[in-house]
2 protein chains.
Amino acid sequence: MQTDNPTLTEKLASAIADGILDGSLTPGLRLDENSLARQYGVSRTPVREALRQLMRSGLIDMRPRKGAVVSKATPGQVESLFVAMAEMEATCARLAAMSMTPVERRRLQARHEAMTALAAAGDRAAYSDANVAFHSAIYAGAHNEPIAEYTLGLRRRVGPFRRAQFNVDGRLVLSNREHDTVVRAILSGDAAGAHAAMLHHVSLVEDAFETFAATSAA
Amino acid sequence: MQTDNPTLTEKLASAIADGILDGSLTPGLRLDENSLARQYGVSRTPVREALRQLMRSGLIDMRPRKGAVVSKATPGQVESLFVAMAEMEATCARLAAMSMTPVERRRLQARHEAMTALAAAGDRAAYSDANVAFHSAIYAGAHNEPIAEYTLGLRRRVGPFRRAQFNVDGRLVLSNREHDTVVRAILSGDAAGAHAAMLHHVSLVEDAFETFAATSAA
DNA sequence: TCTGTCGAAATTGCATACAATTGCCCAAAA
DNA sequence: TTTTGGGCAATTGTATGCAATTTCGACAGA
């Protein structure tokens, strides 16, 4: 019947995750296995397995006999997610400063310079896309699969709670300037500097979400 | 038959995970669902779900039609795990330095002092247990669930690759001295210092595993 | 003797059936 | 009218059965 290789379970997990991330499945919504099975025209078994996967990635919550609901995070949990995100980004930058190959460093710089042009031109859409790629490049540059993968997962998780950060005029240029500090530190192999610069950069993004600031010490 | 509340799936996942962590299920070993089901006297369904869970936590590998095997990591992957572990521990220490409550700080210090006594007495078993609790206390002190949870999972994952670090005489006292630096930084709210000290501490543990050192910068 | 192809057995993925628990609804009594 | 108790329905957890794919082995040909 199905000649596809990716298992049904995985396709279901992706489909449901997309539904959550694009907002069509709102937090708090109950996900009952029968409805999902009917909706996708499959049996409950792959649905169950997909839900388990999503639970472990934090997108949904499941309690033993109570079923699954889309994670409805409290403000505190959202705050935790953003803090975690910032720490992981900073860690990736630190590792990237230490482990990036010369080629990767050159490409990062090229990417950054392209974004500088986009920022100057005020092209928000293109800058936003390039921004995602920029950060992904740093995750990859960390040369550490567990860290990179976790950071990527975290970024997906915070996605639904993110407001458009680049709407405010001037934010584009500011973001780009922060990137400049980060790139400079990474290129020069300054691990601690890269860590601090990235932490600063991402924490500002967090502020754009209107979280209760604070948490800056040392 | 079953009057227990924790679902079979979870108990199976724990049982299999224990088997892997204590070494009775060696890396590379094939885990076929039928055998496991017979072995534990249940059907294949909970076994399948347990395996999925373990896959997502990285303890086993599964390929679409090829079944599950206990993760057999390459030296490079193990190295990555240890690096990731060190980074996460350091991050937890950083966050703990910023967020621990006064009570938590006092308890951490008390814990540390108790361990100093154990180190002086040369009680390796007790020190080892206390050491786990010590690090766990720091994870918790980070007050960040995603980070703490991930770090804990990572610790479980590196477990199978860890040799007994406290066998070498003098390592006990050395470990305790490093803890002292970490604790001092955390208690004084020195985020950067806590990060660096913990990174140093855990990286040394890593060396005890005979990894190819390096990776220590500014 | 070695290699390639065909086949059968075993194992996984999915579907369906059964059991058990939970939560809800309604009714009855205070 | 409100509260409590019981029963019922709905949903999850578990078991089993079926189909498809993969792997291992055997046999034939070179």
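Below, read A as the first sequence line, B as the second, and so on, with proteins coming before strands; counting in each chain starts at 1. Only heavy atoms go into these numbers, but all of them, side chains included; no hydrogens, no water, no symmetry mates. Everything numeric here is computed off the predicted structure, so don't read it as measured data.
Atom CG in A:D32 sits roughly 14 Å away from atom P in C:dC24 (whole-Å rounding). If you take OH of A:Y40 and C1' of C:dC14, they are 18 Å apart, rounded to a whole angstrom. D:dG13 atom P lies 10 Å from atom CD of B:E10, rounded to whole Å. Atom CG of A:L36 is separated from atom C1' of D:dT12 by 13 Å (rounded to the nearest Å). The nearest whole Å value for the distance from the CD1 atom in A:I60 to the P atom in D:dT12 is 11 Å. Atom CD of A:E33 is separated from atom C1' of D:dT11 by 8 Å (rounded to the nearest Å). If you take CE of A:M62 and P of C:dT22, they are 15 Å apart, rounded to a whole angstrom. Taking atom CG on A:N34 and atom C1' on C:dC18, their separation rounds to 14 Å, with Å as the unit.
Checking the phosphate oxygens (OP1, OP2) of D:dT23, a side-chain nitrogen or oxygen of B:K66 falls inside 4.0 Å. Taking 4.0 angstrom as the limit, A:T9 places a side-chain polar atom (N or O) nearer than this to OP1 or OP2 of C:dC14. Proximity of A:R30 to the phosphate of C:dG23: no side-chain N or O atom is located under 4.0 Å from OP1 or OP2.
Side chain A:R65 to base D:dT12: a donor-acceptor pair is found below 3.5 Å.
Sorted by first and then second residue, the salt bridge (charged side-chain N to carboxylate O under 4.0 Å, His left out) pairs involving residues 46-62 of chain B (not counting sequence neighbours) are A:R48-B:E49, A:E49-B:R48, A:E49-B:R52, A:R52-B:E49, B:E33-B:R48. Under the ring-ring contact (aromatic ring centres under 6.0 Å, His included) criterion, the residue pairs touching residues 140-160 of chain B are A:Y150-B:Y150, with sequence neighbours excluded.
Shown here are the salt bridge (charged side-chain N to carboxylate O under 4.0 Å, His left out) partners of B:R105, two or more places apart in sequence or in another chain: there are none. Applying the side chain to side chain contact (heavy atoms under 4.5 Å, CB included) test to B:D18 and every residue at least two apart in sequence or in another chain returns nothing. With sequence neighbours left out, A:R157 forms a salt bridge (charged side-chain N to carboxylate O under 4.0 Å, His left out) with no residue at all.
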Check: When you look at B:H135 and B:H201, which way does the ring-ring contact (aromatic ring centres under 6.0 Å, His included) test go after all the steps?
Finding: CA-CA 11 Å; B:H135 284 272; B:H201 171 52; 5.5 Å; yes
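Only A:V42, A:S43, A:R44, A:T45, A:P46, listed by number, bring a heavy atom of residues 42-55 of chain A to less than 4.0 angstrom from any atom of DNA chain C.
With 3.5 Å as the limit, one finds no donor-acceptor pair spanning the side chains of A:E149 and A:Y139.
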